[in-house]
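Per chain, numbering begins at 1; letters A, B, ... match sequence-line order.
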Amino acid sequence: MLQDSVQVYSLKSYFCRMNFIIEQTVSAIKTLYGVEIGESEISLQQTRREFEGQVTIVTFPFTRFSRKSPEQTGQEIGAYLLASTPEISGFNTIKGFLNLVISDRYWIGLFNDKLSRADYGQLAPNGKKVMVEYSSPNTNKPLHLGHVRNNLLGFSVAEILKAAGYEVIRTNLVNDRGIHICKSMLAWQQFGNGETPANAHIKGDHLVGKYYVRFEAEIKEQIAEIKNNLTSTSLISNETRNAVLSKESVIKKNKAIINYTVTSIAPAIRELGPDAEIRLETALDNANFKPLLDVVRKKSPDKKLIEAVSQCNESQKVISEAEEIKNELVRNGTPLMREAQQMLRKWEAGDEEVINLWKMMNDWVYAGFEETYRNLGVAFEKFYYESDTYLLGKDLIQEGLEKDVFFKKDDGSVWIDLTAEGLDQKLVLRADGTSVYITQDLGTAQLKYDDFGMDESIYVVGNEQDYHFKVLFLILSKLGKTWAKGLYHLSYGMVDLPSGKMKSREGTVVDADDLIREMTETATQYTEESGRLDGFSPEEKQELHQMIGLAALKYFLLKVEPQKRLLFDPKESVEFQGHTGPFIQYSHARIRSLVAKANYDENSGWNGYETLLPEERELILALNGYPAMLEAAAKDHSPAMVANYVYELARLYNKFYHDAPPILKTEDAASRNFRLRLSLVVGAIIKRCMGLMGIGVPERM
RNA sequence: GCGCCCAUAGCUCAGCUGGAUAGAGCAACGGUUUUCUAAACCGUCGGUCUCAGGUUCGAAUCCUGAUGGGCGUACCA
């Protein structure tokens with residue numbers, strides 16, 4: 001499992017992973033103070049810019065056996081290291097920090113032997129197989145910004161794991177069946193007039209989405225109609241009518257209780273001050289008595305008053321609950337909803353007409369998705385379809401019953417009790433023997449393992465399903481599946497807009513295709529203004545614009561840690577300057593252009609180059625940290641780490657480019673060749689990192 | 001009610017195996033091009049790291065509690 005990996009990453013320490021320093025420090029402490037300490041007790045960090053040196057050892061922890069001041073301890077260890085280690089050419093101590101100066105000869109040697117090799121950065125195969133499931137769309141509507149985050153994360157994590165030595169299988173579990181697709185089908189049947197992607201010139205997934213929206217609009221009208229004419233409407237059955245009416249009477253009764261109580265306690269509340277009075281008003285407006293209850297509890301000793309407010313609070317809760325159930329009853333009672341459910345039953349029974357319609361509309365959607373996936377640059381080795389897997393898992397229920405992991409209730413439904421683990425009781429099979437969500441996920445997990453026998457399996461799914469996956473993994477491990485310990489839920493936060501949450505009902509969803517197009521357009525505009533693309537054919541320009549637009553989008557979405565919510569402002573979020581994808585692309589293009597102009601011969605050496613510029617030293621340190629960064633990003637499943645690393649590298653390079661004497665005009669062959677090779681290597685690592693995020697880099701821009 | 005996640009500069013984010021004066025970008029202001037791509041570089045301004053306790057030589061980082069925001073707590077998926 002990844003979690004067992006020993007190496008630990010931190011932005012401060014990955015620059016200086018130098019075992020010889022740790023080893024020498026261990027022996028220094030043994031010699032000086034007679035104490036044997038573990039290598040893990042020594043932490044190295046990169047020296048802050050304002051002090052001399054590259055590597056810093058914190059000496060505070062050693063004072064307990066040196067019995068000297070941190071500074072003096074540092075002096076002693078420093079002196080030992082200077083004498084014993086040829087790579088160390090100097091040191092200084094400030095308070096409890098021992099700063100070591102590593103000789104340029106060491107850095108140049110490191111560059112020669114390791115960093116400048118063509119295969120630098122690819123970790124050796126680790127013999128492990130990992131599955132990354134991502135995307136997993138519903139087939140009733142096109143992809144939106146939230147899916148984009150999911151797709152980019154999944155793709156990127158897969159690339160990172162590949163680079164870290166895994167064999168990776170990317171899978172997409174397509175949710176192609178269920179009530180949602182029946183809604184689109186039904187609306188198309190009733191209102192579509194034979195419209196197809198071909199004759200309407202609409203992308204297939206958008207066409208199907210259009211009818212999903214139509215369904216929701218129609219049902220909204222039916223709901224309004226029913227609510228306005230509850231006693232007379234013929235749209236619902238008498239059974240539903242009676243159920244709704246009974247909920248209404250519950251609501252009415254509780255409203256009366258609240259009205260009565262509020263009138264009688266209002267004077268007492270006013271006496272508690274303006275604060276309480278305001279809360280009384282907002283309680284009525286917002287249908288929430290909790291804030292009022294809190295303030296009354298705090299301010300009033302009158303138990304009867306508290307009880308009365310508490311009564312209002314309880315009644316309000318009953319009202320809210322009844323209203324929710326009422327709404328659900330009305331919604332499910334509408335003719336359209338009943339027809340959709342009828343259609344789902346027909347689908348499950350294999351009704352030919354329904355199946356054919358389903359196949360046709362799904363094919364439209366797949367053609368649309370394929371285009372979006374191609375534009376996003378994501379791909380999969382294996383597709384699973386819920387229409388194939390939705391009946392799976394029942395054998396596991398049987399297995400669980402035999403192993404006493406599950407238990408049967410009197411009605412025949414099957415449950416698991418997870419209260420000992422701090423969770424709840426959870427239904428795993430309905431009384432009528434049909435599956436619930438988790439049943440088929442159990443079955444699908446087993447299927448995937450049977451198909452591929454992978455060591456690890458990553459599910460890229462939003463954080464609203466955290467609980468579900470906790471339960472899923474726990475059940476599998478209770479069933480004795482040894483592979484369950486390799487399961488991991490890569491949970492990510494929702495994408496918010498400035499206006500708040502994206503809601504399909506309110507039409508505030510940012511469509512993936514629109515987004516990609518807008519990004520490309522913005523990049524086009526920006527690039528044309530800079531006017532640097534002479535010699536590009538129109539096709540090359542178009543390709544470049546898309547590359548830059550996508551880089552802006554992808555980098556913006558990936559640079560934030562997955563678990564965090566992400567605020568996306570379509571107007572302002574995606575920039576081309578500063579901490580952005582295009583900035584990093586630009587740095588790469590700059591390097592390529594430089595190397596091209598220099599006519600650099602890759603065989604030319606830099607013998608005699610002995611003294612580094614500070615910027616060169618920093619670049620070497622940064623390059624040296626790449627493998628540790630990669631390992632850490634793989635361990636944490638974090639493209640954001642790659643994003644931040646490569647930005648730092650590009651920034652350091654730009655500083656070097658700006659501050660170093662012009663390379664093309666450098667006469668000294670060793671300096672010139674070294675700097676060109678350094679540039680080349682930085683460019684290669686930038687390209688690698690961007691590739692890990694699915695972002696291309698141009699030769700010119 | 002219970003559970004999980006988040007909180008760092010005006011805005012968007014880094015930093016979290018505990019270490020020096022908490023860093024970037026954007027925004028604002030100023031500077032750099034007869035030097036290889038100014039999508040760059042440099043400077044100024046900007047912070048009670050949500051709050052209160054605790055552990056420690058040392059806390060943005062670990063622990064406890066609170067506050068605020070989000071999500072979940074379905075015989076939906």
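- With A:Tyr212 as the aromatic partner, A:Lys141 meets the cation-pi criteria of under 6.0 angstrom to the ring centre and within 45 degrees of the ring axis.
- A stacking contact links A:Phe51 to B:A20: the aromatic ring centre lies within less than 5.5 Å of the base's six-membered ring centre, and the planes differ by less than 30°.
- Side-chain contact, A:Tyr653 with A:Arg590: no donor N or O sits under 3.5 Å from an acceptor N or O.
- Under 3.5 Å, the side chains of A:Asn463 and A:His489 contain no donor-acceptor pair of N or O atoms.
- If you check every strand for non-hydrogen atoms under 4.0 Å, A:Phe576 touches a base.
- OP1 or OP2 of B:C42 lies within a sub-4.0 Å distance of a side-chain N or O belonging to A:Lys655.
- Residue A:Val560 is classed as a sugar-phosphate contact, given heavy-atom separations below 4.0 Å to backbone atoms only.
- Contacts of A:Glu699 with the nucleic acid, taken as non-hydrogen atoms under 4.0 Å apart, include base atoms.
- The backbone N or O of A:Glu52 lies less than 3.5 Å from a partner atom in the side chain of A:Asn92, making a donor-acceptor pair.
- Under the stacking criterion of a centre-to-centre distance below 5.5 angstrom and an interplanar angle below 30°, A:Phe60 is not stacked against the six-membered ring of B:G58.
- Counting only distance, with no hydrogens or angles, the side chain of A:Thr47 and the backbone of A:Val55 share a donor-acceptor pair below 3.5 Å.
- Looking at heavy-atom distances under 4.0 Å, A:Pro70 makes no contact with the nucleic acid at all.
- The side chain of A:Lys665 sits closest to B:U35 out of B:U35, B:A20, B:C75.
- The listed nucleotides are B:A20, B:U73, B:A77; the one nearest the side chain of A:Asp424 is B:U73.
- Taking atom CD of residue A:Glu321 and atom P of nucleotide B:A74, one finds them 12 Å apart after rounding to whole Å.
- Using atom C1' as the reference point in both B:A60 and B:G15, the two lie 8 Å apart (nearest Å).
- Note on A:Ser593: a side-chain N or O is less than 4.0 Å away from OP1 or OP2 of B:U37.
- Here A:Asn332 lies out of heavy-atom contact (under 4.0 Å) with every strand.
- If you check B:C75, B:G72, B:A39 against the side chain of A:Tyr526, the one that comes closest is B:A39.
- In this structure, of B:A20, B:A38, B:C75, it is B:A20 that holds the atom nearest to the side chain of A:Gln45.
- Spacing between B:U50 and B:G68 at atom C1', rounded to whole Å, works out to 8 Å.
- In this model, no side-chain donor or acceptor of A:Asp569 finds a partner on the base of B:C11 within 3.5 Å.
- Distance from the side chain of A:Glu464 is smallest to B:G72 among B:G72, B:A38, B:C26.
- Phosphate contact (OP1/OP2 of B:G1, side-chain N/O of A:Lys317, threshold under 4.0 Å): absent.
- Taking every side-chain heavy atom of A:Arg590 into account, B:A38 is the closest of B:A20, B:A38, B:C41.
- Side chain of A:His658 to main chain of A:Asn654: no donor-acceptor pair is present (N/O by atom type, distance under 3.5 Å, no hydrogens or angles).
- Note that A:Arg177 lies outside the cation-pi zone of A:Tyr385, set by a 6.0 Å cut-off to the ring centre and a 45° limit from the axis.
- Take the nearest nucleotide of RNA chain B for A:Ile663 and for A:Ile94: the residue whose nucleotide is more 5' is A:Ile94.
- Using a 4.0 Å heavy-atom distance criterion, A:Thr434 is classed as making no nucleic acid contact.
- Taking the C1' atom of each, B:A28 and B:A9 are spaced 13 Å apart, rounded to whole Å.
- Side-chain atoms of A:Arg48 lie closest to B:G23 of the nucleotides B:G23, B:U37, B:C71.
- Here the separation of B:A7 from B:A14, taken at their C1' atoms, is 15 Å to the nearest Å.
- When the P atom of B:A24 is taken as reference, atom CG of A:Leu652 falls 11 Å away, rounded to whole Å.
- Residue side chain A:Thr56 reaches the base of B:A20 through a donor-acceptor N/O pair under 3.5 Å, judged by distance alone.
- Using a 4.0 Å heavy-atom criterion, one finds that A:Met494 contacts no nucleic acid atom at all.
- Applying the 3.5 Å distance criterion, the base of B:A40 shares no donor-acceptor pair with the side chain of A:Asp659.
- At the heavy-atom level, A:Ala598 lies nowhere under 4.0 Å from the strands shown.
- Phosphate proximity of B:A14 to A:Lys564: present, with a side-chain N or O under 4.0 Å from OP1 or OP2.
- Comparing B:G65 with B:C71, their C1' atoms sit 22 Å apart, to the nearest whole Å.
- At a threshold of 4.0 angstrom between heavy atoms, the contacts of A:Leu594 include nucleobase atoms, whether or not backbone atoms are also involved.
- Between the side chain of A:Asp417 and the main chain of A:Thr419, a donor-acceptor pair closer than 3.5 Å is present.
- Listed nucleotides B:A77, B:U21, B:C36 differ in distance to A:Lys95; the shortest reach to its side chain belongs to B:U21.
- When the C1' atom is used for both B:U37 and B:A27, the distance is 26 Å, rounded to whole Å.
- For A:Arg430, a side-chain nitrogen or oxygen approaches OP1 or OP2 of B:C76 to under 4.0 Å.
- Between A:Asn654 and A:Asn138, the residue anchored nearer the 5' end of RNA chain B, judged by the nucleotide with its closest heavy atom, is A:Asn654.
- A:Glu386 places none of its side-chain heavy atoms less than 4.5 Å from the side chain of A:Val174.
- Between A:Leu557 and A:Tyr492, the closest side-chain pair of non-hydrogen atoms is not below 4.5 Å.
- Stacking between A:Tyr647 and the base of B:A24 is absent under the criterion of ring centres within 5.5 Å and planes under 30 degrees.
- Taking atom P on both nucleotides, B:U44 is separated from B:G25 by 12 Å, rounded to a whole Å.
- Cation-pi geometry between A:Lys408 and A:Trp415 is not met at under 6.0 angstrom from the ring centre and within 45 degrees of the axis.
- Between B:A20 and B:A59, the two C1' atoms lie 14 Å apart (nearest whole Å).
- Using a 4.0 Å heavy-atom cutoff across all strands shown, A:Asn99 reaches at least one base atom of the nucleic acid.
- Using a 4.0 Å heavy-atom cutoff across all strands shown, A:Gln585 reaches no nucleic acid atom at all.
- Nucleic acid contact for A:Ile548: base, since at least one base atom lies under 4.0 Å from a heavy atom of the residue.
- In this structure, of B:G25, B:A39, B:A77, it is B:G25 that holds the atom nearest to the side chain of A:His579.
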Check: Given the rule that a pair is Watson-Crick or G-U wobble with both distances under 3.5 Å, how would you write RNA chain B in dot-bracket, using | for pairs to a different strand?
Finding: (((((((..((((.....[...)))).(((((.......))))).....(((((..]....))))))))))))....
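- Of the candidates B:C26, B:C41, B:C36, B:C41 carries the atom nearest the A:His658 side chain, counting heavy atoms from C-beta on.
- Counting only N and O atoms by type, the side chains of A:Ser315 and A:Gln311 include a donor and acceptor under 3.5 Å apart.
- In this structure, A:Asp466 places its CG atom 8 Å from C1' of B:C71, rounding to the nearest Å.
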